[in-house]
Protein chains: 2
Amino acid sequence: MTTLAKGLAVLGAFDKKRPTMTLSQAAQAVDLSRATARRVLRTLTKLGYVEQNGTQFSLSPRILQLGFAFLSTQNWIERALPLMRGLSERMHESCSAAILEGTDVVYVARVPTARIMSVAISVGTRLPAFHSSMGRVMLGFLDEAEIWRRLNSVSLAPLTPSSITDPQGLFDRIRADHEQGFSIVDEELERGLRSIAVAVVDQTGEARGALNLSTHTTRTTRNEMRDLFLPMLKTTAAQIFMPASAEPSS
Amino acid sequence: MTTLAKGLAVLGAFDKKRPTMTLSQAAQAVDLSRATARRVLRTLTKLGYVEQNGTQFSLSPRILQLGFAFLSTQNWIERALPLMRGLSERMHESCSAAILEGTDVVYVARVPTARIMSVAISVGTRLPAFHSSMGRVMLGFLDEAEIWRRLNSVSLAPLTPSSITDPQGLFDRIRADHEQGFSIVDEELERGLRSIAVAVVDQTGEARGALNLSTHTTRTTRNEMRDLFLPMLKTTAAQIFMPASAEPSS
DNA sequence: AACGAGTTGTTCGATAATCGAACACAAGTT
DNA sequence: AACTTGTGTTCGATTATCGAACAACTCGTT
């Protein structure tokens, strides 16, 4: 179904760098003939996913529906939110939930306290999985071959001086974190940022996501994280798929 | 381009009610032959927008990228967020930003304080525009014919005893709110909820979105809202498209 | 074990949609 | 006035899509 692929490619071509495009620009961006690009944009416009004023095409808010349809299918997220709020209040730290997609961590729920990261994190934000605590926790649930495949498919440019960039080192770290049941990542994503994460596991033992608490390195030590944060974080994560709150296993 | 339309229809068929579907269910939901549905789902899977395990198909986090591509094209949102945070801190109330899509208001940014609404509002949440303060403010920027068209395309079931359900009454209210430059909505969406909104207008005079402050009816009166909240709300909204922060008019 | 009901997977010729080159047109530029 | 760069539109050739039909599989039930 090449037409479908082309249409989605055009949708995906809109970007922060290219918020609006003319017909020709879109054709060039996705490598289509102008005639084809025009047909694609016309149907996307008719379906309401793209807006046209003048010669400029831009995304319509309509496509948010698609994205949030996904969030609404993950119904553990809305169960997690109140638990996360409680956790954040007790610990006085930001609490987030994320899922793994490829080599990215995608935030799906967030309870912020003070803003500690320079880039504002919100639902939908993507961060490199190998350098984030939630990413490592979720990667640990994959089999070894899969971990290596993803390791090899991503560039491990150091984001801070503390970033682990050695593939074997990362692999070992992921396995070790999986063994111990949690992951603490120190300043690998951004200086001064320290976070601890555990997996959100469903009844079948599959990792559906991860939960973390993040803080500033000057505020909490690694040991405090393990001794104070970890127990409650584990309890919270475990409650999400507690049999008490039965659900039709989405 | 019927194929593209079918593909997007299938994507849109996934829902909170139907988080996973078999091939046949998808075919039935979108009214396609099973052969076609299978082709669609196969290409969607190959493109990474859909995941298959066993006979069950489900949405992949990949499609979040599409939705957030839109958010990232609206670059006034990230300029608005720090301003909204400041506003929320000063007023001690939740502050939200939304855009209008059809007859829905879609939240695109949010700074929550205490949770006052029963349904948790987050980015991506949709509410009926005619019964929300932000919706009325944005509807006021449309011409009369367009307002009527949208009025007629939606069912105005009362959500609370205070909801305005008379079309003419709603129309008049929207025009009046547009005249005065803001909208206060009292308990029409939910009991105890009072909110005030103003439009976010760009340099060309177009309404790009709306900003609101919401509170509980017992905490702030209508007059206090107008006297205390409105001036700062207007100032904040005006700052978003201030020429100081120049941008390539997305 | 045989059966029917319900499902997915796959094939193939007929059909219908898509393709792109070519041209018309508009607007701004040299 | 010719040129550049863009969109809009047509049309026959090409190609992808369609759906009926059949194979294969999994469950319960008899």
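Predicted, not measured: the structure shown is a model, and the values here were computed from it. Just so we're on the same page: letters track the sequence lines, and every chain starts at 1.
Between D/dG19 and B/Thr36, a contact under 4.0 Å exists linking OP1 or OP2 to a side-chain N or O. The side chain of A/Lys6 places no N or O atom within less than 4.0 Å of a non-bridging phosphate oxygen (OP1 or OP2) of C/dT18.
For the salt bridge (charged side-chain N to carboxylate O under 4.0 Å, His left out) test, no residue two or more places apart in sequence or in another chain qualifies with A/Glu179. Residues satisfying the side-chain hydrogen bond (donor to acceptor under 3.5 Å, both in side chains) test with A/Ser132, not counting sequence neighbours, are none.
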Q: Could you run through nucleotides 8-16 of chain D and give me one letter per nucleotide, 5' to 3': B if any protein heavy atom sits under 4.0 Å from the base, S if only the sugar-phosphate is that close, - if neither?
A: BB-------
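Within a 6.0 Å radius of CZ in A/Arg42, no more than 12 heavy atoms belonging to other residues, nucleotides or ligands are found.
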Q) Checking ring pair (Phe, Tyr, Trp, His ring centres under 6.0 Å) for the pair A/Phe68/B/Phe68: CA distance, chi angles, key distance, verdict? A) CA-CA 10 Å; A/Phe68 288 95; B/Phe68 288 94; 5.7 Å; yes
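Cation-pi geometry between B/Arg79 and B/Phe241 is satisfied (NZ or CZ under 6.0 Å from the ring centre, within 45° of the ring normal).
Tested against A/Val105 for a side chain to side chain contact (heavy atoms under 4.5 Å, CB included), the candidates A/Arg136, A/Met138, A/Arg126 yield a single pass: A/Met138.
What separates CG of A/Leu4 from P of C/dA17 is a distance of 17 Å, to the nearest Å. Rounded to whole angstrom, the span from the CD atom of B/Gln56 across to the C1' atom of D/dT26 amounts to 14 Å.
Mapping B/Val40 and A/Gln25 onto DNA chain D by nearest heavy atom places A/Gln25 at the nucleotide closer to the 5' end.
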